[in-house]
Amino acid sequence: MKKVVIIGAGPAGLTAADELLKSGKNKYEITILEESGDIGGISKTVRYNGHRMDIGGHRFFSKDERVMKWWRDKLPVQGAPSFDDRILGREKELSPGGPDPDAEDEVFLVRNRLSRIYFLGKFFDYPISLKPQTFKNMGFVRTMKSGFTYAGSLIHKREEKSLEDLYINHFGRELYSLFFEGYTEKLWGRHPSQIDPSWGNQRVKGISISEVVRDALAKLRGKEKASRETSLIEHFNYPKFGPGQLWEKVADDVVQGGAKLIKNAKAVRFDAENGEICSVTYDKDGKETTIDADIVMSSMPVKDLVAAFRFDVPENIRRIADGLPYRDFVTVGLLVDKLKVKNETDIKTLGNVVPDCWIYVQDTGVKLGRIQVFNNWSPYLVKDPEHTVWLGLEYFCNEGDDFWNMSDEECFSQAVNELIEMGVIESRANVLDHHREKVKKAYPAYFDTYDEMGTLTQYLNTIDNLYCIGRNGQHRYNNMDHSMATAFEAVSAIENGTTDKTAIWNVNTEQSYHEKKDE
């Protein structure tokens with residue numbers, strides 16, 4: 001049997017293990033090393049005082065039918081209304097014969113997709129739409145400036161050397177300044193003029209003012225849906241207890257299938273012979289253990305991977321890897337009795353809370369980047385969804401900076417004060433409980449030595465038995481389905497005995513918006 005060492009028990013690593021085990025018994029001896037004590041990477045579910053937190057928010061939708069089938073083979077789609085849909089009389093497309101989520105736990109829910117921008121004390125569609133309310137929210141002067149600067153961007157296209165150039169070309173300077181510049185700097189800690197346009201290409205293809213205009217005209221002509229290159233998903237699947245529930249099930253499946261899963265095991269050393277990795281050393285509770293490896297599948301950060309190579313590596317390669325940047329992440333869970341901001345949509349919700357999954361915070365006067373309303377992801381994430389609202393306040397920061405180093409109480413106070421300032425809650429008295437989670441290297445960033453990533457990739461591909469998979473494994477802003485697809489391609493390469501890894505690295509390079517589907 002070939003000895004396979006998989007670094008990381010997130011979506012990429014667990015998918016790889018599951019796919020290898022499907023290929024046949026007694027072919028692979030699989031060891032999964034997970035640095036933390038959790039399963040799912042940043043797709044984990046955190047439990048706290050009867051509530052659950054989805055770190056970062058994870059919609060189970062993909063244009064990749066392999067991924068959709070894989071998910072639904074693990075969890076069936078609900079066949080009866082969920083708790084909130086049943087109480088509110090909301091109708092969903094259910095799966096005949098599927099489980100009742102009130103009675104069974106292993107089930108995918110069907111959830112409404114709604115994410116909006118909260119700016120100037122008002123809600124805007126995400127992406128921006130041409131509705132009378134949009135113009136009313138922006139005001140006459142901003143609306144006119146937006147129109148003129150967008151017209152200018154059609155005439156004078158900028159060379160897209162940075163994310164700022166890309167956004168201005170797509171939206172014009174005024175809308176860029178209003179909705180992209182400040183938020184992007186919050187997210188990455190760098191001005192968009194300093195960021196490679198690659199990340200933006202994956203997010204804005206097919207989304208532009210011209211497309212919005214076509215949408216509006218199509219609707220005026222009486223068409224129910226606009227004629228567009230792609231359309232935003234309106235529903236998505238979601239595990240009853242959050243994304244970690246699915247990955248915990250997959251972890252159980254692969255262990256039952258014969259894989260060995262070691263938690264709190266950090267890969268600290270990779271040794272090589274004849275140009276291939278021959279062993280991996282991991283640290284668990286201060287004790288180092290070395291295991292032989294015929295194949296290594298790594299979803300650990302590329303920066304840490306190369307730093308752990310104990311063999312000759314070109315100085316330039318070490319420099320590039322060491323310079324790769326990341327953005328870290330803090331989620332503050334706040335349990336509140338009610339919100340001050342009102343639900344002014346026609347969507348019914350428990351307690352009439354706003355119906356959004358995410359609320360994007362463009363206001364540069366607060367550090368807060370996004371708000372999750374966990375009640376809307378799944379009522380089963382909240383201990384009492386009829387009488388309380390469970391929020392996830394998302395902050396982007398750098399490990400070791402002032403925000404990261406705040407005490408829990410300092411962080412909680414800032415979060416509450418910002419919600420009050422924004423008008424989301426009335427006062428501190430509304431807050432019933434709170435919890436904080438920190439996530440290191442949540443977002444691989446697109447600046448510093450990132451523009452030399454191609455050189456680093458070429459080098460990594462010369463190590464025939466090393467397969468880099470997942471978000472951090474490829475230093476690419478992969479979503480969960482993309483991370484899984486890299487695992488599919490890596491397993492295919494292993495099964496076919498090829499050392500050509502082009503297909504693995506080509507995942508998520510089509511540069512199409514991640515929440516859209518082809519029509």
Side-chain angles (χ1 to χ4, degrees), residues 6-18 32-62 67 70-78 82 99 101 104-109 111 236-256 259 261-265 299-300 329-333 335 357-358 370 372-383 385 390-394 435-443 470-472 478-484 487:
I6 297 175
I7 314 297
L14 290 172
T15 300
D18 192 75
I32 305 169
L33 303 177
E34 169 53 47
E35 181 177 359
S36 74
D38 301 313
I39 296 298
I42 62 170
S43 299
K44 67 183 178 180
T45 297
V46 173
R47 296 163 178 80
Y48 174 74
N49 278 0
H51 309 286
R52 289 175 167 84
M53 298 173 65
D54 178 349
I55 305 299
H58 294 84
R59 296 188 178 113
F60 285 72
F61 170 83
S62 178
V67 172
W70 197 95
W71 280 333
R72 289 172 178 172
D73 285 344
K74 294 296 181 184
L75 290 179
V77 177
Q78 68 182 88
S82 58
E104 299 182 51
D105 289 342
E106 292 196 353
V107 55
F108 265 131
L109 306 180
R111 307 304 292 173
F236 60 93
N237 290 144
Y238 192 76
K240 177 178 177 178
F241 293 130
Q245 179 188 12
L246 180 134
W247 296 114
E248 288 161 14
K249 174 176 170 50
V250 176
D252 289 341
D253 288 347
V254 299
V255 169
Q256 290 177 15
L261 171 60
I262 307 174
K263 296 181 183 179
N264 299 304
S299 66
M300 69 188 289
F329 183 74
V330 171
T331 296
V332 178
L335 184 69
C357 297
W358 270 314
R370 287 188 310 200
Q372 286 195 76
V373 186
F374 291 122
N375 303 51
N376 297 327
W377 288 94
S378 166
Y380 306 102
L381 298 180
V382 189
K383 189 174 182 180
W390 181 224
L391 302 174
L393 311 184
E394 300 181 351
H435 178 67
R436 178 171 65 162
E437 286 286 327
K438 296 180 176 181
V439 181
K440 297 178 183 178
K441 293 184 172 68
Y443 302 110
R471 174 181 284 201
N472 278 334
N478 285 331
N479 289 317
M480 186 165 50
D481 58 333
H482 298 136
S483 294
M484 294 172 63

Once you round to the nearest 0.5 Å, how far does [atom1] of [X] lie from [atom2] of [Y]?
X      : Y      : atom1 : atom2 : value
Tyr238 : Gln245 : OH    : CD    : 9.5 Å
Ser483 : Ile42  : OG    : CD1   : 8.0 Å
Arg59  : Asp54  : CZ    : CG    : 10.5 Å
Gln372 : Leu381 : CD    : CG    : 9.0 Å
Asp481 : His58  : CG    : NE2   : 10.5 Å
Ile262 : Leu33  : CD1   : CG    : 5.5 Å

Closest approach of [X] to [Y] (non-hydrogen atoms, all atoms of both residues):
X      : Y      : value
Val77  : Val107 : C-CG2, 4.2 Å
Ile32  : Gly8   : CG2-O, 3.8 Å
Pro385 : Val382 : CD-O, 3.4 Å
Asn472 : Ser299 : CB-O, 3.8 Å
Ala16  : Ala487 : N-CB, 3.7 Å
Leu261 : Ala9   : CD1-CB, 4.0 Å

Salt bridge (Lys or Arg N to Asp or Glu O under 4.0 Å) involving [X] - partner list, sequence neighbours excluded:
X      : result
Glu34  : none
Arg111 : Asp84
Asp253 : Lys74, Lys249

Check: Trp71 and Asn237 side chains under 4.5 Å, non-hydrogen atoms: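 Not touching, per the 4.5 Å side-chain cut-off.
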
Side chains of Trp70 and Met484 in contact at under 4.5 Å (non-hydrogen atoms):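 The answer is yes; the side chains approach within 4.5 Å.
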
Can you check whether Phe236 and Trp377 have ring centres sitting under 6.0 Å from each other?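 Yes, the ring of Phe236 comes within the 6.0 Å limit of the ring of Trp377, centre to centre.
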
Do [X] side-chain atoms and [Y] backbone N/O form a donor-acceptor pair below 3.5 Å?
X      : Y      : value
Trp390 : Arg52  : yes
Arg471 : Ala442 : yes
His482 : Asn479 : yes

Taking only residues two or more places apart in sequence or in another chain, which ones pass side-chain contact (heavy atoms from CB on, under 4.5 Å) with [X]?
X      : value
Glu248 : Ile39, Arg47
Asn376 : Thr349, Val353, Val373
Lys440 : Asp328, Glu399, Trp404
Asp38  : Ser36, Lys44

Partner residues of Phe108 under the ring-ring contact (aromatic ring centres under 6.0 Å, His included) criterion, sequence neighbours left out: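 Partners of Phe108 by the ring-ring contact (aromatic ring centres under 6.0 Å, His included) criterion, ordered by chain and then number, come out as Phe60.
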
Can you name the ring-ring contact (aromatic ring centres under 6.0 Å, His included) partners of Phe241, sequence neighbours left out?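 ring-ring contact (aromatic ring centres under 6.0 Å, His included) check on Phe241 returns nothing, list empty.
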
Which residues pass the side-chain hydrogen bond (donor to acceptor under 3.5 Å, both in side chains) test with [X], not counting sequence neighbours?
X      : answer
Glu106 : none
Asp105 : Lys240
His435 : Glu437

